Amino acid sequence: TMAAADFNFLLATDSYKITHYKQYPPGVSKIYSYFECRRKKGSPFNEVVFFGLQYLLKKYLTGPVVTEEKIQEAKLFYQMHFRQAVFDEEGWRKILEKHDGRLPIRIKAVPEGRIVPRGNVLFTVENTDPSFYWLTNYIETMLVQMWYPITVATVSREFKKILAKHLKATTGSLEGLDFRLHDFGYRGVSSQESAALGGAAHLVNFCSTDTVAGVLMAQRYYGCPMAGFSIPAAEHSTIISWGRSREKDAFERLLDQFSSGPVAVVSDSYNIFNACKHIWGDKLKERVMERSEDSCLVIRPDSGDPAETLLEVMRILEECFDCSLNSVGFKVLPSYLRIIQGDGIDLRSVNQILEKLSDEGWSAENVVFGCGSALLQKLNRDTLSCAFKCSYVETNGKGVRKLWMRANNSGFALQDLLVTVFENGCLMQDYTLEEIRKNARLQDDEPNPVS
Ligand SMILES: O=C1OCCC/C1=C\Nc1ccccc1
């Protein structure tokens with residue numbers, strides 16, 4: 001995995017950074033900067049999941065990223081862009097000559113998947129050759145884009161905390177937690193690359209997704225052969241194509257075509273309650289009951305107020321099918337019947353829905369959730385206050401510290417956690433999704449941690 005030939009690292013920055021080498025004082029030999037998610041009063045996110053840097057390093061920073069062709073292309077571009085000669089052709093050619101085009105940079109980072117309280121250093125950047133102090137902040141632009149996978153992984157893990165709380169409370173166990181939030185977000189993101197990065201970030205916490213790009217990212221950049229799973233499922237077009245008078249036939253088609261393994265059927269094309277009562281609960285009742293637990297029918301409502309709709313669907317199904325009580329006294333649908341709610345789900349609504357279900361005596365194990373934009377897109381760099389700050393400058397051999405690296409609340413800097421992941425064009429660590437998932441596990445999820 002090396003930078004694609006058509007990717008020009010010299011053109012992958014904010015324009016003004018091209019002019020910064022002219023602004024630093026004479027004699028600067030080192031610039032040391034760091035990335036953090038600044039603490040924010042009132043923010044619901046107190047800790048973050050570090051994830052995504054490895055992809056960026058492999059794809060854009062490793063190997064000979066500076067070439068003569070790219071210098072020429074950049075020289076021409078910036079001459080036209082600034083309408084004057086500001087591009088530091090000599091500076092870049094020196095990287096080419098002295099370092100064979102490899103970046104004389106060291107990046108130290110917390111291991112991927114680690115959970116870090118806000119306000120701590122997540123990674124540091126420094127130049128390893130005093131001639132290229134200007135390179136440290138040159139790569140800020142690209143590195144700060146890590147706000148996205150970090151934020152998606154963090155939000156996804158906040159979902160996991162909520163789902164774990166309700167699963168534990170209404171079933172007494174965390175079994176199946178990893179399959180409780182399905183990524184529906186592929187269509188709602190801004191690009192294929194965002195889908196890949198965001199989709200992979202969700203897979204740090206869960207194994208359930210429809211965002212194929214994220215599974216491929218996990219394969220190609222995180223050594224995971226199959227990071228996420230899905231099941232056959234209907235969409236409105238495959239139901240309404242039968243016409244309004246043949247919804248039962250459409251549903252039966254699904255049961256026939258996917259007779260073994262679970263199958264999800266969106267059932268609100270005309271009226272979700274009618275579909276549950278008169279089709280699933282009557283006309284096709286025998287067909288539903290003959291299915292086994294590992295070939296369950298998953299009914300998908302997709303409209304109306306999520307909590308109210310779910311409660312009414314459960315009431316109808318309770319009338320038509322035999323429910324049972326689980327070991328902690330909560331109602332469970334028969335094992336051949338489950339629900340997936342993929343509409344209107346975000347961190348707030350998923351908690352409200354599960355509260356209302358448990359208030360009505362329903363176990364959380366009856367429902368899995370799908371989430372789209374709230375998981376992959378309804379976020380920005382401010383969600384976790386991601387920032388890149390220069391903290392230390394060396395001039396004429398003397399260091400000036402602008403910012404003290406904050407020691408985290410337990411009095412020591414997470415500095416000790418930082419591992420060199422990139423140095424002089426080489427990747428120094430290669431984390432697998434498996435170890436990243438271990439790092440990101442929820443506390444209670446740990447096998448009884450040493451108390
Ligand atoms: O219903 C389902 O059951 C479980 C498998 C996925 C699924 C639906 N997928 C989906 C994807 C993108 C937008 C909307 C739905």
Side-chain angles (χ1 to χ4, degrees), residues 152 155-156 159 163 176-192 194-203 205-218 226-241 247 250-251 253-255 257-270 272 275-276 279-280 284 288 291-304 306 309-310 313-314 317 333 335-346 349-350 353 364-378:
V152 173
V155 168
S156 170
F159 268 106
L163 294 167
L177 172 60
D178 292 357
F179 290 85
R180 296 273 145 196
L181 182 67
H182 203 98
D183 179 351
F184 281 13
Y186 203 157
R187 66 192 61 180
V189 292
S190 54
S191 70
Q192 288 297 333
S194 303
L197 259 180
H202 172 64
L203 293 170
N205 305 298
F206 291 94
C207 307
S208 200
T209 184
D210 261 31
T211 303
V212 172
V215 180
L216 286 172
M217 164 73 77
M226 188 41 66
F229 304 94
S230 187
I231 63 169
E235 69 170 24
H236 289 102
S237 76
T238 66
I239 304 299
I240 58 124
S241 51
E247 188 176 33
F251 286 4
R253 177 76 155 174
L254 266 291
L255 299 182
Q257 296 289 72
F258 305 102
S259 49
S260 82
V263 59
V265 186
V266 65
S267 300
D268 72 327
S269 297
Y270 308 107
I272 177 72
C276 290
I279 303 180
W280 296 125
L284 294 178
V288 174
R291 293 182 79 95
S292 65
E293 174 175 356
D294 50 22
S295 296
C296 64
L297 165 68
V298 187
I299 296 174
R300 175 151 77 94
D302 197 39
S303 47
T309 303
L310 272 175
V313 164
M314 310 287 276
L317 297 175
L333 292 167
S335 61
Y336 49 73
L337 201 45
R338 289 290 179 265
I339 315 272
I340 183 165
Q341 175 69 34
D343 174 57
I345 298 304
D346 61 23
S349 65
V350 72
I353 289 163
E365 70 201 274
N366 292 296
V367 189
V368 300
F369 296 94
C371 190
S373 304
L375 182 65
L376 299 188
Q377 187 67 23
K378 206 166 75 178

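Indexing begins at 1, ligand by ligand and atom by atom, following the structure's order. The analysis underlying the following values was restricted to heavy atoms, covering all of them including side chains, and did not include hydrogens, waters or symmetry mates. Nothing here was measured: the structure is a model prediction, and the numbers come from that model.
Between the side chain of Asn366 and the backbone N or O of Leu333, at least one donor-acceptor pair lies under 3.5 Å. Panel note: side chain Ser241, backbone Ser237; a donor-acceptor pair is recorded below 3.5 Å.
Rounding to the nearest 0.5 Å places CD of Gln257 at 11.0 Å from OG1 of Thr238. In this structure, OG1 on Thr209 lies 11.5 Å from CZ on Phe179, to the nearest 0.5 angstrom. For the atom pair OH of Tyr270 and CD1 of Ile279, the computed distance is 9.5 Å after rounding to the nearest 0.5 Å.
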Distances under 3.5 Å, N/O of ligand 1 against N/O of the protein: list each pair and its distance.
{"residue": "ligand 1", "atom": "1 (O)", "partner": "Arg300", "partner atom": "NE", "Å": "3.2"}
{"residue": "ligand 1", "atom": "9 (N)", "partner": "Asp210", "partner atom": "OD2", "Å": "2.9"}

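Relative orientation of the His202 and Phe206 rings is parallel, given thresholds of 30° and 60° on the angle between their planes.
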